[in-house]
There are 2 protein chains.
Amino acid sequence: MGKGDATREIILDEAAGLARQVGLGGLTIGSLATRTGMSKSGLFAHFGSKEAMQLQVLDHETDRFTSEVVRPALSAPRGEPRVRALFEGWLAWDSADGGCPLVAAAFELDDQPGPVRDRLLHNQRDWFDTLATIASTGVAEGHFRPDTDPRQFAQDIEGIMLAFHVASRLLSDPDAAARAHRGLDALLAAAAAPAAP
Amino acid sequence: MGKGDATREIILDEAAGLARQVGLGGLTIGSLATRTGMSKSGLFAHFGSKEAMQLQVLDHETDRFTSEVVRPALSAPRGEPRVRALFEGWLAWDSADGGCPLVAAAFELDDQPGPVRDRLLHNQRDWFDTLATIASTGVAEGHFRPDTDPRQFAQDIEGIMLAFHVASRLLSDPDAAARAHRGLDALLAAAAAPAAP
DNA sequence: GCTTCTGACGAACGATCGTGCTAAAAAGGA
DNA sequence: TCCTTTTTAGCACGATCGTTCGTCAGAAGC
């Protein structure tokens, strides 16, 4: 990794932190340059355009999300434990400062067509598929009833996560996490295969 | 209502439409002036500052939300029918172009301190209370089990709404609404009071 | 040693940002 | 109708936006 790649990584880290506060659209070359102690033009040269920078920030955060949340969860035992691991990982991830940047981007870009939205859409589809796949793994393991709809499960669990996000981050509700856990328990209980007698 | 108030109403309508696309922070006096066919300074004079304008846009949309979603639902019979009415009303409201602007604002401002966030926080607390109140009304009516936690119910139902928002608006999933309905059914079934024998 | 390439900088560009100030136009009550 | 108040436009301001360009120190290759 050359010097260029190293500083670009630093820039992306800083950019992600800034984007978590002001959104991807609120990212500014000038403020980012000040933050990193670089000149505007020196920083700009790394990307060539603001849009290219936004795309790289998006990819950067998606990679981080994959390695910090998704991959660890996939090393948990298949079925219900894996669902719980993913859920816990996500809660921790969203509780870090600024919250999940991808969630913020999803609500920011839902009505702004363009390459950035396209990229995010692709990532979010992958995420939704991951949720559904983990759910259907639970069925295959015999943890969940055979008629469980994986995509229904995916949308339900995502709802619990999103409600936690707003309850904890905006409303500062100290019970948000407890309720999220209770929501997940209810979801798992409803999907649970009847105990073999 | 004098002429000033009338045009200010027009401006706020237009501003809300724009904010649904680009967010409250993305609102711009210049673009708003172009949209309404006014001069920048003429438009600006109605508000005195950009922040004051954002606050009025927020109030404007909150009022609209109250009269288009909350109030109609409150005229439905108490208990479960009222929950369903509120839910249906919200789904329709969020399916209009741009989606629910308050949801977008909630995710945009969760990390941006200031008067605008404070106002939004206040509104969102009211909304959460409304959800909880309607839930506890269901308990009082005997539709829901006595041990139903109204605030748990509120966070759960909000999760279903938020998951619908992203599934339908970003992912363009045609099954989003159907899953939201199934999610609500499951929630209501879990809370339902056991039928009197 | 000299050359070449890379990474960063400073200055400047036109455009647009939010915000004043002043004057004209419009509205409304007498 | 006249007069006052309200509403709008015009113009200008400093700041900042994204972007381009020429330059230059230092690392790398020969």
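Naming: A, B, ... by sequence-line order, numbering from 1 per chain.
- Looking at A:D175 and B:R151, no side-chain N of the basic residue comes within less than 4.0 Å of a carboxylate O on the acidic one, giving no salt bridge.
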Within the 4.0 Å limit for protein heavy atoms, which parts of nucleotides 11-26 of chain C are touched? Write it as a string from 5' to 3', B for base, S for sugar-phosphate only, - for none. B-----BBBB------
Should A:D173 and A:R179 be marked as a salt bridge (charged side-chain N to carboxylate O under 4.0 Å, His left out) after you check the CA-CA gap, both sets of side-chain angles, and the distance that decides it? CA-CA 10 Å; A:D173 192 326; A:R179 289 201 205 101; 3.2 Å; yes
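- Relative orientation of the B:W127 and B:F65 rings is perpendicular, given thresholds of 30° and 60° on the angle between their planes.
- For the pair B:L131/B:Q155, no side-chain contact is recorded, criterion being any heavy-atom separation below 4.5 Å from C-beta on.
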List the steps and the verdict of salt bridge (charged side-chain N to carboxylate O under 4.0 Å, His left out) for A:E88 and A:R84. CA-CA 6 Å; A:E88 296 301 331; A:R84 296 200 111 100; 5.8 Å; no
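- The distance between atom CE of A:M38 and atom P of C:dG10, rounded to the nearest whole Å, is 11 Å.
- Ring geometry for B:W90 against B:H165 counts as tilted: the plane angle lies between 30° and 60°, on a 0 to 90° scale.
- Of all the heavy atoms in A:L58 and A:V116, the pair that sits closest is CD2-O, 3.6 Å.
- Listed by chain and number, the residues in a side-chain contact (heavy atoms from CB on, under 4.5 Å) with A:H46 are A:T7, A:R8, A:I11, A:M38 (sequence neighbours excluded).
- Put simply, CG on B:L43 is 11 Å from C1' on D:dT8, counting in whole angstrom units.
- Taking a 4.0 Å limit (strictly below) on heavy-atom distances, residues 16-26 of chain A does not reach DNA chain D anywhere.
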